[in-house]
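In what follows, a structure is listed as structure tokens, so that the remarks can point back to it.
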Amino acid sequence: MQYYCAPLEGITSWHYRNLHHRYFPGVDRYYTPFLSPSQHHVFSKREQKEIHRARNQGVPVVPQLMTRQAEDFIWAANALFDLGYQEVNLNLGCPSGTVVAKGKGAGFLARREELYRFLEEVFQRVSGPVSIKTRLGLKDPEEFWPVLACYNQFPIAELTVHFRVQKDFYRNPVRREGLARVLAESRHPVCYNGDLVTDADFKALKGAHPAVERVMAGRGLMADPSLICRQKGGGPLKRETLRAFLDELYECYCVCFDSRRNAMLRMKELWFYQGCLFQDSEKLLKILRKATDWRVYEDTVERIFGELELLPEPRAGW
Ligand SMILES: Cc1cc2nc3c(=O)[nH]c(=O)nc-3n(C[C@H](O)[C@H](O)[C@H](O)COP(=O)(O)O)c2cc1C
């Protein structure tokens, strides 16, 4: 089984990926949060940092792009292959209203003919493997079958399917009913994504669908960074390891942003999930969420680790 770390914009930055890879080895691939190649064919300063080779040294990283302009995708993908990346991923799943209104992310799924022409041009002109991360559709999971027929006509390296439709955002239960058919009908290796949070979730998925060979975890992994490490035989999460990981990540952001306040804001995004791994954490998490002063943030993290029990698995909190 291959285990992937999902891209989460605002959380799985290069700092996170590097440290996670060191503290909790076992993830076979980390996908970057999406980059948005523009018509000017230059990566923004932030994007340049994200993909800089030295910053991703020794970590298996797949950069992700989101655009509906073939020309811009081809430029960016080839630039990434020139930098040494082995694969580039296309985002066809982002559910954000503004993204979808522009026909990008999950919005592209509703423009099938245009998507076909986009993929045709891309696969003629890219110089390396391209994978896709997709949702099932916009409103109805049945929308996926013609989309899958379209994917099947191209040499896609791998198809990661987040088993939700756009209107589900991240809330509604995953729509796993179609998984067996997707596995049977896809010409490409399929990676399952959606709501893998506990060891039991992995076991249940493997039991019900032994043909699944690739899985991607997002929020569950943010709540319990040892989740994948454990699937590969690692031991239970130790409090001191978690503390060391989070402290080092925070200090890394402090240096990088030259601002403890901005580092705190970044860490709060992770704590939204991380907090679910602590028992009776509501009160302290509320203080942490509302903190505008980094001293309050640091003090609250200290109290969380000093006062609260670590749960064996995250409680559903998102
Ligand atoms: C805060 C947040 C940011 C995300 N950013 C991205 C992104 O940049 N690219 C992408 O393909 N998916 C993104 N996703 C979706 C996740 O990669 C993943 O598909 C989704 O969370 C479902 O998997 P999970 O249930 O394991 O979390 C994001 C999700 C969240 C919650």
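Numbering of ligands and ligand atoms starts at 1, following listing order.
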Q) Can you list the steps and then say if Asn172 with Arg164 is a side-chain hydrogen bond (donor to acceptor under 3.5 Å, both in side chains)? A) CA-CA 8 Å; Asn172 294 340; Arg164 285 190 171 88; over 6 Å; no
(Q) Aromatic contact between Phe43 and Trp75, with the criterion being ring centroids under 6.0 Å apart: yes or no? (A)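 Between Trp75 and Phe43, which both carry aromatic rings, the centre distance is below 6.0 Å.
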Q | Distance-minimising heavy-atom pair for Ile156 and Ser131 | A |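 What the structure gives for the nearest pair is CG2-CA, 4.1 Å.
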**Q.** Within the 4.0 Å heavy-atom sphere of ligand 1, strictly under, residues
**A.**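 Ala6, Pro7, Leu8, Glu9, Pro33, Phe34, Gln64, Asn91, Lys133, His162, Tyr170, Asn193, Gly194, Asp195, Ala217, Gly218, Arg219, Tyr273.
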Q.
Do the side chains of Arg289 and Glu282 get close enough for a salt bridge, i.e. N-O under 4.0 angstrom?
A.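 Here Arg289 does not pair with Glu282 in a salt bridge, since their nearest N and O are not under 4.0 Å apart.
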Q: Might you work through the side-chain hydrogen bond (donor to acceptor under 3.5 Å, both in side chains) test for Arg260 and Tyr297, ending with a clear yes or no?
A: CA-CA 10 Å; Arg260 294 190 94 69; Tyr297 166 81; over 6 Å; no
Q | Arg243 to Tyr250, cation-pi by 6.0 Å centre distance and 45° axis angle | A |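 Judged by the rule, Arg243 and Tyr250 form no cation-pi pair.
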